[in-house]
S.K.: 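Here you go, one structure.
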Amino acid sequence: MSVDVKVTPGKLPIFWDREVVYFANLQSLFYDNLEQTKILVKDIQGVPTYGGRLVSILNLLFFNKKNLIFLESSPNKALLEYMEDKLELSLPEIEILPRKHYVTLKEKTLTNNSEDHEPVLERIRQHSAGWLDGYVTDSTLVAIAEGSKKSTISSFEGSKNGNNKFLLHHYLLEKGLPVFETLVASSPEEVNSALKKFNDRGYKKAVIKSQIGASGCGLIRLDAVPCPREQIPEYLFFEGPCLVQGWLGEEVPGVRNIGSPSVQMFLAEKEVTLFDITDQLLRDESIHEGNISPPPYFKERQEIRDEILSQATEAGRWLHSQGYRGTASTDFLVVEKKERCEVIICEINARITGATYPTILARHFLPQGAWLMRNLMFESPLQGSQLLSEVDRRGLLFKKGMERGVLPCNFNLNEAGMVHKGQFVFIAPNTEECENLLAQMQAVFPRSCKYCRD
């Protein structure tokens with residue numbers, strides 16, 4: 001039976017009327033693909049501090065407000081005070097659970113020893129929440145839920161299948177929706193064969209996609225010519241065959257890139273809501289560096305918006321049928337090919353994504369306004385309190401009741417506890433003002449504040 005889909009861009013849905021124990025298990029994004037996880041930790045600075053992004057929105061997502069979150073490292077105290085005092089947000093209870101401790105909990109629950117008084121497990125068993133959740137529902141989260149007699153928001157299968165690009169691609173083919181020109185490869189030799197075929201078809205480049213990936217990990221762009229085997233890592237085949245797709249860059253004759261929009265979705269038990277549309281700000285290799293909403297080109301291209309929402313409706317129904325529940329995004333590429341516009345689904349991210357927290361915060365404080373999110377790197381690390389003070393002194397710091405301003409939503413800290421990177425949301429009535437706020441923010445820290453990957 002097809003699930004109902006509501007389309008309400010710019011307006012938040014009613015999220016979960018539940019209490020939750022949430023695990024910021026970012027390093028579980030690839031489930032048990034340990035080699036690919038090592039690439040994630042190597043390429044993204046401050047992975048253990050990324051869970052801090054969830055602190056500001058958890059009690060908006062689960063609005064019973066008796067929530068507990070386990071982070072891998074301690075968030076910045078000054079930032080928490082800003083959220084409570086200036087934004088007047090309710091924050092969850094926070095406990096610290098390093099990754100190396102989290103992964104041991106599965107085995108400890110499986111021993112089923114009534115005399116086992118592992119403090120974390122006891123804390124979860126005694127918590128009033130009936131639900132567990134995380135970035136993904138991995139096997140450890142499922143074991144913790146079973147051991148504490150609680151339920152996960154999503155099933156393991158729903159979480160994993162919902163993030164699987166291979167399964168999604170074949171569903172899109174069945175439905176007759178636009179897809180990239182694709183070949184399937186089960187080995188480096190088959191990848192090279194596919195690269196040669198794309199070269200013969202006129203492509204300059206091609207991209208290899210593992211079935212599960214995120215933040216550019218599990219995606220490799222290559223020239224469309226056979227390459228040495230060592231350039232095709234084995235972890236790409238961890239889940240089985242990978243996808244090799246022709247790269248629609250502007251080096252392809254007749255192709256012009258328009259944008260990389262992303263539809264934010266919420267999947268409840270009986271319905272799906274499409275609640276915002278952003279444009280992704282991408283670096284080379286399709287690496288995410290931020291988002292802007294609404295996409296500026298929508299002003300002149302209403303038909304693009306309509307097609308995106310139509311395809312996202314179909315994608316949301318598929319994701320719901322997999323058993324996934326919670327926030328998610330459907331990412332697209334919009335191109336003009338020989339003066340004809342095409343909208344193509346790239347992937348679904350069945351989790352809280354880099355656009356989830358800025359859209360929830362921005363739409364909570366300024367429904368139907370505009371927002372811009374950027375990851376900013378500071379060459380000279382700062383104290384969190386110093387950073388907030390400097391932005392506030394210039395009159396830029398967003399506070400509840402304002403219509404425009406800079407909202408810092410997470411600080412990535414170095415070993416000395418200093419801010420070396422952060423996620424910042426720029427909120428205003430329109431996108432032009434958001435971009436102006438970004439320029440003013442960068443002027444506060446000249447020669448130090450640069451864009452970086454998410």
S.K.: For the pair E93 and R123, find out whether any cationic side-chain nitrogen is under 4.0 Å from an anionic carboxylate oxygen.
M.R.: yes
S.K.: Starting at OH of Y135, measure out to OH of Y50 and round the result to the nearest 0.5 Å.
M.R.: 9.5 Å
S.K.: Quickly, which of Q211, E239, Q322, H169 forms a side-chain hydrogen bond (donor to acceptor under 3.5 Å, both in side chains) with N164? Name it, please.
M.R.: Q211
S.K.: Tell me whether the count of non-hydrogen atoms from other residues, nucleotides or ligands lying under 6.0 Å of NZ in K205 goes above 12.
M.R.: yes
S.K.: How far apart are the closest heavy atoms of M418 and P381, and which atoms are they?
M.R.: CE-O, 3.6 Å
S.K.: Check the angle between the aromatic planes of F424 and F411 and answer parallel, tilted or perpendicular using the 30° and 60° thresholds.
M.R.: tilted
S.K.: Identify which one of V425, I57, L58, D276 satisfies the side-chain contact (heavy atoms from CB on, under 4.5 Å) criterion when paired with I360.
M.R.: I57
S.K.: Apply side-chain contact (heavy atoms from CB on, under 4.5 Å) to L132 and V20, showing your working.
M.R.: CA-CA 5 Å; L132 266 60; V20 72; 5.7 Å; no
S.K.: Could you tell me if Q264 and T327 have a donor-acceptor pair between their side chains, going purely by distance under 3.5 Å?
M.R.: no
S.K.: Which atom names give the shortest non-hydrogen contact between P408 and L397, and what distance separates them?
M.R.: CD-CD1, 3.7 Å
S.K.: Under 3.5 Å, is there a donor-acceptor pair linking the side chains of N375 and Q423?
M.R.: yes
S.K.: Quick one: does L61's side chain get under 4.5 Å of I352's, heavy atoms only?
M.R.: yes
S.K.: Ignoring hydrogens, what is the shortest heavy-atom contact between E72 and L26? Give both atom names and the distance.
M.R.: OE2-N, 4.3 Å
S.K.: Indicate whether the side chain of E314 and that of Y171 have a donor and an acceptor atom separated by less than 3.5 Å.
M.R.: yes
S.K.: Taking the cut-offs as 6.0 angstrom to the six-membered ring centre and 45 degrees off its axis, would you call K11 and F275 a cation-pi pair?
M.R.: no
S.K.: Indicate whether the side chain of T182 and that of Q245 have a donor and an acceptor atom separated by less than 3.5 Å.
M.R.: yes
S.K.: Hey, is E303 close enough to R305 for a salt bridge, meaning N to O under 4.0 Å?
M.R.: no
S.K.: Indicate whether the side chain of Q280 and that of E289 have a donor and an acceptor atom separated by less than 3.5 Å.
M.R.: no
S.K.: Under 3.5 Å, is there a donor-acceptor pair between the side chain of S293 and the main chain of I277?
M.R.: yes
S.K.: Yes or no on side chain to side chain donor-acceptor pair (under 3.5 Å) for R125 and S148, after CA distance, side-chain angles and deciding distance?
M.R.: CA-CA 5 Å; R125 291 177 187 129; S148 57; over 6 Å; no
S.K.: Do Y82 and K77 have side-chain N/O donor and acceptor atoms under 3.5 Å apart?
M.R.: no
S.K.: To the nearest 0.5 Å, how far apart are CG in L248 and NZ in K337?
M.R.: 5.0 Å
S.K.: Report the C-alpha separation of C434 and I427 in whole Å, then their side-chain angles, then the decisive distance to 0.1 Å, and conclude whether the side-chain contact (heavy atoms from CB on, under 4.5 Å) test is met.
M.R.: CA-CA 6 Å; C434 291; I427 301 174; 5.8 Å; no
S.K.: Minimum heavy-atom separation for S128 and E19, please, with both atom names.
M.R.: OG-OE1, 2.6 Å
S.K.: I need the I308 CD1 to T313 OG1 distance, nearest 0.5 Å.
M.R.: 11.5 Å
S.K.: Could you grab the distance from atom CG of L172 to atom CG of L177, nearest 0.5 Å is fine?
M.R.: 5.5 Å
S.K.: Using a 4.5 Å cut-off on heavy atoms from C-beta on, say whether the side chain of L319 contacts that of L267.
M.R.: yes
S.K.: Do R351 and S159 have a side chain donor and acceptor closer than 3.5 Å?
M.R.: no
S.K.: Would Y324 and W318 count as a ring pair (Phe, Tyr, Trp, His ring centres under 6.0 Å) here? Give the steps.
M.R.: CA-CA 10 Å; Y324 178 76; W318 173 80; over 10 Å; no
S.K.: Please evaluate residues F445 and F378 with respect to the criterion ring pair (Phe, Tyr, Trp, His ring centres under 6.0 Å), reporting the C-alpha separation (whole Å), side-chain torsions for both, the decisive distance (0.1 Å), and the verdict.
M.R.: CA-CA 8 Å; F445 307 99; F378 299 92; 5.4 Å; yes
S.K.: side-chain hydrogen bond (donor to acceptor under 3.5 Å, both in side chains) with N349: which of D331, T330, N163?
M.R.: D331
S.K.: Closest approach of L91 and S56, non-hydrogen atoms and distance?
M.R.: CD2-CA, 4.3 Å
S.K.: Check K160 with D138, please: is the shortest side-chain N to carboxylate O separation under 4.0 Å?
M.R.: no
S.K.: Please lay out, stage by stage, how N430 and E433 fare under the test side chain to side chain donor-acceptor pair (under 3.5 Å).
M.R.: CA-CA 6 Å; N430 57 67; E433 287 192 65; 3.2 Å; yes
S.K.: I69 versus E95: any side-chain heavy-atom pair under 4.5 Å?
M.R.: no
S.K.: With no hydrogens and no angle check, just 3.5 Å: does a side-chain donor-acceptor pair link W131 and N67?
M.R.: no
S.K.: Is the NZ atom of K86 crowded by more than 12 outside heavy atoms at less than 6.0 Å?
M.R.: no
S.K.: Side-chain donor-acceptor pair under 3.5 Å between T353 and T356, yes or no?
M.R.: yes
S.K.: Any side-chain to backbone donor/acceptor pair from K150 onto H127? Under 3.5 Å, distance only.
M.R.: yes
S.K.: Working to the nearest 0.5 angstrom, can you tell me the gap between S90 OG and N59 CG?
M.R.: 4.0 Å
S.K.: From L168 CG over to C346 SG, what is the distance, rounded to the nearest 0.5 angstrom?
M.R.: 10.0 Å
S.K.: Do R404 and P429 have side-chain heavy atoms sitting under 4.5 Å apart?
M.R.: yes
S.K.: Would you say the side chain of R301 lies within less than 4.5 Å of the side chain of I258, judging by non-hydrogen atoms?
M.R.: yes
S.K.: Please check: side-chain N/O of E307 versus main-chain N/O of Q302, any donor-acceptor pairing under 3.5 Å?
M.R.: no
S.K.: Could you tell me whether D32 atom CG has more than 12 heavy atoms of other residues or ligands within 6.0 Å of it?
M.R.: no
S.K.: I'd like to check F70 versus N25 (side-chain heavy atoms, cut-off strictly below 4.5 Å). Are they in contact?
M.R.: no
S.K.: Looking only at the aromatic ring of each residue, does the gap between the centers of F62 and F15 stay below 6.0 angstrom?
M.R.: no
S.K.: State, with a plain yes or no, whether a side-chain heavy atom of I94 is found less than 4.5 Å away from one of V55.
M.R.: yes
S.K.: A side-chain contact here means heavy atoms from C-beta on lying under 4.5 Å apart; do R256 and V335 qualify?
M.R.: no
S.K.: Quick check: does any side chain N or O of K165 sit under 3.5 Å from a backbone N or O of G213, one acting as donor and the other as acceptor?
M.R.: yes
S.K.: Quick one, Y297 with D279, criterion side chain to side chain donor-acceptor pair (under 3.5 Å). Give me CA distance, side-chain angles, the key distance, then yes/no.
M.R.: CA-CA 9 Å; Y297 47 84; D279 199 45; 2.6 Å; yes
S.K.: Taking NZ, NE, NH1 and NH2 as the nitrogens, is one of them in K400 or E84 under 4.0 Å from a carboxylate oxygen of the other?
M.R.: no
S.K.: Can you see whether R325 engages S155 through a side-chain donor-acceptor pair at a distance of less than 3.5 angstrom?
M.R.: no
S.K.: Can you see whether H320 engages E269 through a side-chain donor-acceptor pair at a distance of less than 3.5 angstrom?
M.R.: no
S.K.: Hey, is K270 close enough to D4 for a salt bridge, meaning N to O under 4.0 Å?
M.R.: no
S.K.: Is N76 reaching over with its side chain to a backbone N or O of L413, donor-acceptor style, under 3.5 angstrom?
M.R.: no
S.K.: Ignoring hydrogens, what is the shortest heavy-atom contact between C242 and F237? Give both atom names and the distance.
M.R.: SG-CE2, 3.4 Å
